[in-house]
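Down below is the structure, laid out as structure tokens.
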Amino acid sequence: SQQGEEDPQALSIQEGENATMNCSYKTSINNLQWYRQNSGRGLVHLILIRSNEREKHSGRLRVTLDTSKKSSSLLITASRAADTASYFCATVRGGSEKLVFGKGTKLTVNP
Amino acid sequence: GAGVSQTPSNKVTEKGKYVELRCDPISGHTALYWYRQSLGQGPEFLIYFQGTGAADDSGLPNDRFFAVRPEGSVSTLKIQRTERGDSAVYLCASSENSGTDTQYFGPGTRLTVL
């Protein structure tokens, strides 16, 4: 069963705009990871944020984590057409080793 | 360095046949995972290896599915008596030590059961 729920399911924006995707989960976690997937194949790791962290940055990416609300957000600033992909959040629960994924947000960045 | 590799990239088989899918993890990574992704869904966990042993196989859907990692490196996912519902992309990932580390994914094997 899938724990995470991404919101929105689909997002379409213009190049240069910011894209925000949200993720909610149900149980306590050890860490939360965001991945990008192009064309339904391999997943590219973007950011890992641990349960004791609140915010992380990587280039144009900013991830926040609110463990009290069991939610995370991924912000992509100054989006590019190449950012078009599906984005997944995945959690690792305490005492577990496996990633539990949501259904993903399909992002389209129009040139 | 080299990432996770998977072979074949595509596999078409007939219902009832046996298939093997191979995963070559990042060198030195002790943890290896198999996931399955159906169209429009996120990946779902199948099995986790720590070294040579299957530490968690709770995601295997039934006893037609089996995986091995005999030398603690390459892993093979084996599916017996394939069914049309087994059609999916099978993803392998590895991490340095455990699930608390970043998991790096391979490109996947797309399995189609006719």
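Sequence lines set the chain letters: A, B, ... in the order given, protein chains first and strands last, and positions in each chain run from 1.
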> What option among A:Gln9, A:Arg50, A:Lys106 has the most heavy-atom pairs under 4.5 Å with chain B?
Replying inline: A:Arg50

>> With a 6.0 Å cut-off (strictly less than), is the heavy-atom count around CD of A:Glu15, excluding the residue itself, greater than 12?
In response: yes

> So do B:Pro43 and A:Leu99 actually touch side chain to side chain, heavy atoms under 4.5 Å?
Replying inline: no

> What is the distance from atom CZ of A:Phe88 to atom CD of B:Gln37, rounded to the nearest 0.5 Å?
Replying inline: 5.0 Å

> Given the rule in the side chain to side chain contact (heavy atoms under 4.5 Å, CB included) test, do B:Phe45 and A:Phe101 qualify, once you have shown the distances and angles that lead to the verdict?
Replying inline: CA-CA 9 Å; B:Phe45 169 79; A:Phe101 285 84; over 6 Å; no

> Roughly how far, to the nearest 0.5 Å, is CG of B:Leu46 from NZ of A:Lys98?
Replying inline: 10.5 Å

> How about B:Glu71: does its CD atom have over 12 heavy atoms from other parts shown lying under 6.0 Å from it?
Replying inline: no

> For B:Leu114, does the CG atom have more than 12 heavy-atom neighbours from other residues, nucleotides or ligands under 6.0 Å away?
Replying inline: yes

>> I'd like to verify something: which residue of B:Gly59, B:Ser9, B:Ala93 has the highest number of heavy-atom pairs under 4.5 Å with chain A?
In response: B:Ser9

>> Grouping I, L, V, M, F, W and Y whenever their side-chain heavy atoms are under 4.5 Å apart, do B:Leu60 and B:Leu111 come out in a common cluster?
In response: yes

> Distance-only, no hydrogens or angles: does the B:Tyr104 side chain make a donor-acceptor pair with backbone N or O of A:Val44 under 3.5 Å?
Replying inline: no

> Above 12 or not: heavy atoms from other molecules or residues under 6.0 Å from CZ of A:Arg60?
Replying inline: yes

> Taking all atoms of both residues into account, what is the closest heavy-atom pair of A:Leu48 and B:Asp101, and its distance?
Replying inline: CD1-C, 4.0 Å

>> Please tell me whether B:Val89 and B:Leu21 are part of a single hydrophobic cluster in this structure, the criterion being side-chain heavy atoms less than 4.5 Å apart.
In response: no

>> Distance alone, cut at 3.5 Å: any donor-acceptor contact between the side chains of A:Glu97 and B:Gln50?
In response: no

> Roughly how far, to the nearest 0.5 Å, is NE2 of A:His45 from CD of B:Gln103?
Replying inline: 9.0 Å

> In terms of hydrophobic clustering (I, L, V, M, F, W, Y; side-chain heavy atoms under 4.5 Å; direct or indirect links), are A:Ile29 and A:Leu74 co-clustered?
Replying inline: yes

>> Does B:Phe66, at its CZ atom, have more than 12 non-hydrogen atoms belonging to other residues, nucleotides or ligands within less than 6.0 Å?
In response: no

> Checking heavy atoms, do the side chain of B:Ser58, its backbone, both or neither come under 4.5 Å from chain A?
Replying inline: side chain

